[in-house]
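All values below were derived from every heavy atom in this structure, side-chain atoms included, with hydrogens, water molecules and symmetry-related copies excluded. Counting begins at 1 with the first residue of the sequence.
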Amino acid sequence: MLRVIRKEHSTKAKTVGEKLFFADPAFYPALGGDLGTSREAIVAFFSKPIS
């Protein structure tokens, strides 16, 4: 449901991360979210590594 974007070279085991996004960017317009945050969520969604 949520996606945490972590710092690249973080040494802490349980760091919260830089950003916290919904897993699906479609939630932002549906919930009346900010356009800028929606754009960042879309970039994060399409930039995730393939598992």
Side-chain angles (χ1 to χ4, degrees):
M1 191 91 197
L2 293 176
R3 178 162 185 196
V4 177
I5 306 298
R6 297 196 183 277
K7 294 180 182 180
E8 187 174 343
H9 299 290
S10 177
T11 58
K12 295 181 181 178
K14 296 186 178 183
T15 181
V16 173
E18 293 272 326
K19 301 277 183 167
L20 182 66
F21 295 113
F22 286 117
D24 186 357
F27 286 131
Y28 292 96
L31 298 174
D34 183 8
L35 180 62
T37 305
S38 179
R39 287 181 188 149
E40 287 185 75
I42 290 170
V43 169
F45 178 75
F46 287 114
S47 298
K48 67 182 175 183
I50 299 172
S51 33

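Across every non-hydrogen atom of Pro29 and Ser38, the tightest pair is CD-OG, 4.2 Å. The nearest pair of heavy atoms linking Ala23 to Phe45 is O-CD1, 3.3 Å.
Side-chain contact between Asp34 and Tyr28 is absent, with no heavy atoms from C-beta onward closer than 4.5 Å.
Applying the side-chain contact (heavy atoms from CB on, under 4.5 Å) test to Leu31 and every residue at least two apart in sequence or in another chain returns Phe22, Phe27.
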